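I have placed the structure first, in the form of structure tokens, so that the comments after it can refer back to it.
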Amino acid sequence: MGVKFRDAVMITVIMSASMFSVSMANKDWFPAFNYTDWWSRFGNHHQNKTQQQASQILVGGSEHWHFGYNYNDWAIKNAPFYLNDTLVFKYDAPNATSFPHSVYMFKSYGSFLKCDIKKAKMLASPVQGGGEGFKFVLQKWQPHYFACGERNGFHCNNGTMKFAVMPMFRPFWQRP
Ligand SMILES: *[C@@H]1O[C@H](CO)[C@@H](O)[C@H](O)[C@H]1NC(C)=O
Ligand SMILES: *[C@@H]1O[C@H](CO)[C@@H](O)[C@H](O)[C@H]1NC(C)=O
Ligand SMILES: *[C@@H]1O[C@H](CO)[C@@H](O)[C@H](O)[C@H]1NC(C)=O
Ligand SMILES: *[C@@H]1O[C@H](CO)[C@@H](O)[C@H](O)[C@H]1NC(C)=O
Ligand SMILES: *[C@@H]1O[C@H](CO)[C@@H](O)[C@H](O)[C@H]1NC(C)=O
Ligand SMILES: [Cu+2]
């Protein structure tokens, strides 16, 4: 009742002015979106053809394939893996002071969980991880369960030398 039309206009102007300043202030609170950066990243997918082909992935990175490193964490951090990517397992052949390692593959998730090495297939013996390492191509669109087969599951179970990988199809814009 008391508020006249002219007052209402003034209130609206003041309110929208303060809202404007709040939204301007918000801009400073968040990092500005960098269109140049975004566009150059997007563009690179089309320019650099070599980047889109299947890649070689060193299992464990600089840690290679050894007892006590958490390969499950490694696999999660390095996902996704794509079809035709190559996993490289590097481990030295055993000597007088070091223990052997190997690469086994489980057929089922159940035997992977239990580290039931008797139900796994050997892919690489303890001497096959030297030099360039043992290479395994992810050719099938299915889960792959890897583990070290040494000491009847001890390296798999207690040494956390186990991980699972589900290779994905490369998105169309990343294909050669
Ligand atoms: C945006 O990204 C480009 C390319 O990475 C960079 O050269 C430029 O300095 C960035 N601009 C700002 C405002 O951060
Ligand atoms: C393209 O990708 C390859 C392999 O990842 C890399 O060695 C090369 O430096 C890249 N080239 C450009 C122009 O980014
Ligand atoms: C993987 O490689 C094989 C042989 O080079 C090829 O026939 C197949 O199409 C490739 N698969 C994918 C998903 O790129
Ligand atoms: C045995 O192998 C380990 C690991 O590869 C290496 O660090 C060590 O030097 C080797 N020891 C001998 C006596 O060759
Ligand atoms: C190995 O792991 C199993 C199950 O996780 C556990 O019961 C056992 O005590 C461990 N053995 C050693 C020597 O750590
Ligand atoms: Cu091992």
Side-chain angles (χ1 to χ4, degrees), residues 37-176:
D37 191 37
W38 184 82
W39 188 247
S40 69
R41 276 187 214 185
F42 181 77
N44 269 350
H45 284 297
H46 295 278
Q47 282 161 21
N48 197 339
K49 296 282 183 207
T50 56
Q51 241 166 13
Q52 296 129 38
Q53 271 145 31
S55 39
Q56 287 211 357
I57 300 130
L58 184 57
V59 174
S62 58
E63 292 278 340
H64 296 179
W65 186 233
H66 71 79
F67 190 92
Y69 187 71
N70 194 327
Y71 291 91
N72 183 49
D73 279 359
W74 173 85
I76 290 166
K77 281 184 197 127
N78 287 272
F81 299 88
Y82 293 106
L83 281 168
N84 283 353
D85 279 357
T86 303
L87 294 180
V88 183
F89 294 81
K90 278 192 180 178
Y91 50 96
D92 289 328
N95 60 28
T97 57
S98 72
F99 291 105
H101 301 294
S102 55
V103 183
Y104 277 63
M105 180 180 261
F106 296 103
K107 285 188 201 83
S108 79
Y109 181 61
S111 46
F112 168 71
L113 274 186
K114 286 183 281 182
C115 284
D116 191 353
I117 296 295
K118 285 186 212 82
K119 292 203 180 131
K121 181 186 157 199
M122 188 177 82
L123 301 177
S125 74
V127 296
Q128 280 179 275
E132 294 285 291
F134 166 70
K135 289 176 184 166
F136 184 90
V137 182
L138 298 166
Q139 276 172 329
K140 290 185 184 163
W141 190 52
Q142 61 174 48
H144 294 68
Y145 305 110
F146 297 99
C148 177
E150 297 312 295
R151 305 271 311 273
N152 193 29
F154 182 76
H155 282 209
C156 170
N157 215 339
N158 304 57
T160 58
M161 294 184 81
K162 63 188 281 194
F163 66 98
V165 160
M166 178 65 207
M168 319 225 298
F169 284 93
R170 262 186 203 284
F172 70 90
W173 65 85
Q174 279 189 24
R175 287 189 201 153

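In this text the structure is predicted, and so the values were computed from the model without any measurement. Start at 1 and go down the list; that is how both ligands and their atoms are numbered.
Angle ND1 (His155) to the Cu ion (ligand 6) to SD (Met161): 100°, rounded to 10°. Around the Cu ion (ligand 6), the two atoms ND1 of His101 and SG of Cys148 are separated by an angle of 130°, to 10 degrees.
Taking Phe81 as the reference, Trp74 meet the ring pair (Phe, Tyr, Trp, His ring centres under 6.0 Å) condition, with sequence neighbours excluded.
At least 2.5 Å separates the SG atom of Cys156 from that of Cys148.
For residues 89-114, no pair satisfies salt bridge (Lys or Arg N to Asp or Glu O under 4.0 Å), with sequence neighbours left out.
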Would you be so kind as to tabulate the donor-acceptor pairs closer than 3.5 Å made by side chains of residues 60-68, with sequence neighbours excluded?
{"unit_1": "Glu63", "atom_1": "OE1", "unit_2": "His66", "atom_2": "NE2", "d": "2.6"}
{"unit_1": "Trp65", "atom_1": "NE1", "unit_2": "Ser102", "atom_2": "O", "d": "2.8"}

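In plain terms, the two heavy atoms of Gln128 and Leu123 that are nearest each other are OE1-O, 4.1 Å.
Ring geometry, His101 versus His155: the interplanar angle falls from 30° to 60°, so the pair is classed tilted.
For ligand 4, the protein residues placed under 4.0 Å by at least one non-hydrogen atom are Asp92, Asn95, Thr97, Ser98.
Atom CD of Gln142 has more than 12 neighbouring heavy atoms from other residues, nucleotides or ligands inside a 6.0 Å radius.
Interface of Asn84 with ligand 3, defined as ligand atoms under 4.0 Å from a residue heavy atom, comprises 1 (C), 2 (O), 3 (C), 8 (C), 10 (C), 11 (N), 12 (C), 14 (O).
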